[in-house]
Amino acid sequence: MKSKFEKKTALVTGTAGFIGFYIARKLLSKGWKIIGIDSMSEYYDVLLKRRRESILLQSPNYKSVHAKLEDKDVILDLLSNEKPDLVIHLAAQAGVRYSIENPRIYLESNVSGTFELLEAARAYPPTHLLIASTSSAYGASDKMPYKEIDNSDHQISLYAATKKSIENISHSYSHLFGLPTTIFRFFTVYGPWGRPDMALFKFTKSILQNEKIDVYNYGKMKRDFTYIDDLVESVFRLIDCIPETKNEKNKEFAKFDSISSVAPYRIVNIGNSKPIELMQFIRTIEKFVGKKAKLNMMPLQAGDITATYADNKLLEKLTGYTPKTTVDIGIKKFVDWYRNYYQL
Ligand SMILES: NC(=O)c1ccc[n+]([C@@H]2O[C@H](COP(=O)([O-])OP(=O)(O)OC[C@H]3O[C@@H](n4cnc5c(N)ncnc54)[C@H](O)[C@@H]3O)[C@@H](O)[C@H]2O)c1
């Protein structure tokens, strides 16, 4: 069968970031040409971003552009010159807690940035547009596991609200301009080269330095931790699952498919579907670091949700794949990487 991606050229946003780096690396290994765009924002250690990028730049098929998505001329020029047949949008201002401190950047990067990308995609439509959203979009919902077709109207942080807005704006563009669009809702992604603002990185660093770690909601939290390799495999397989406007073919998925009735648009959870208690997570880090953590028990932080749990049926039906790495394996890989990266 002829591939729908004859050019094999992809624009990937956020390629100096944790997930973007891995997705770009996977696509390069499969013979894709990648244009990676990243603003190299200073939200966390820029050296880590440069080091990820330097690995991508070892490939002659990788082209790096440092710009903000909100720079509309840059984005429009890129799409007009390269006409990528695939766009994977991962750049964002992430983080629930920081969105209380600095809300404006979330509207700029996430809402305006995505809007400019959609405008460019409208002018030069790719075969498939894939956009990152988050499990935080489920917000106050306590109906577990989270299903894509369940209500998700009550976000409790600005970060989540900007992500939900992106989902809605993308739906309207998909409907108006026939843009085949897949939204991923990622569930707490972790692994080597991960984000320094996330629990695994912060806990490992503090335990090694004999510093206290902040344990929110007195440890009564559950997260559906998703190992990066599983997430990459899921995203890679979803590239070929190009949504079509709801029709007879979708009938077999009808009970749980989130496909829109009026647009080639679908939302897909990517999570491990096995929530882990925060205290179990901490004990596993202690095991591989070889040291006990000093705990600073804290109340629930504003904007945080106490549990996340992905229903993975749709991902499995579409791709035949479901994430499977246990935290025991994933945390060990992270701690090994951390020691090696910081030469400890
Ligand atoms: N890591 C997770 O657990 C997780 C969970 C749910 C959703 N997500 C989503 O997945 C995507 C990737 O997350 P990540 O963990 O790799 O985050 P990351 O912060 O490591 O990567 C995001 C990258 O985007 C860049 N960026 C930020 N604003 C930009 C802008 N306006 N223009 C261009 N570049 C910009 C940053 O410099 C950064 O390198 C994000 O959309 C995030 O919201 C991540």
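Everything quoted here is computed from the prediction, not taken from an experiment. Counting convention: from 1, in listed order, for ligands and their atoms alike. Heads up: numbering here begins at 1 and tracks the sequence.
- Here Phe5 pairs with Trp32 under the ring pair (Phe, Tyr, Trp, His ring centres under 6.0 Å) rule; sequence neighbours left out.
- Thr325 meets the side-chain contact (heavy atoms from CB on, under 4.5 Å) test with Tyr227, Asp230, Ile329; sequence neighbours excluded.
- Listed by chain and number, the residues in a ring pair (Phe, Tyr, Trp, His ring centres under 6.0 Å) with Tyr173 are Phe177 (sequence neighbours excluded).
- Between Glu108 and Lys68, no side-chain nitrogen of the basic residue sits less than 4.0 Å from a carboxylate oxygen of the acidic one, so the salt-bridge criterion is not met.
- With salt bridges taken as basic N to acidic carboxylate O contacts below 4.0 Å, one links Asp150 and Lys143.
- The 4.0 Å heavy-atom shell around ligand 1 contains residues Gly14, Ala16, Gly17, Phe18, Ile19, Asp38, Ser39, Met40, Ser41, Tyr44, Lys49, Ala67, Lys68, Leu69, Glu70, Leu90, Ala91, Ala92, Ser109, Ala132, Ser133, Thr134, Tyr159, Lys163, Phe186, Thr188, Val189, Arg195, Met198, ordered by chain and number.
- Within the cation-pi definition used here (under 6.0 Å to the ring centroid, within 45° of the axis), Arg195 does not qualify as a partner of Tyr44.
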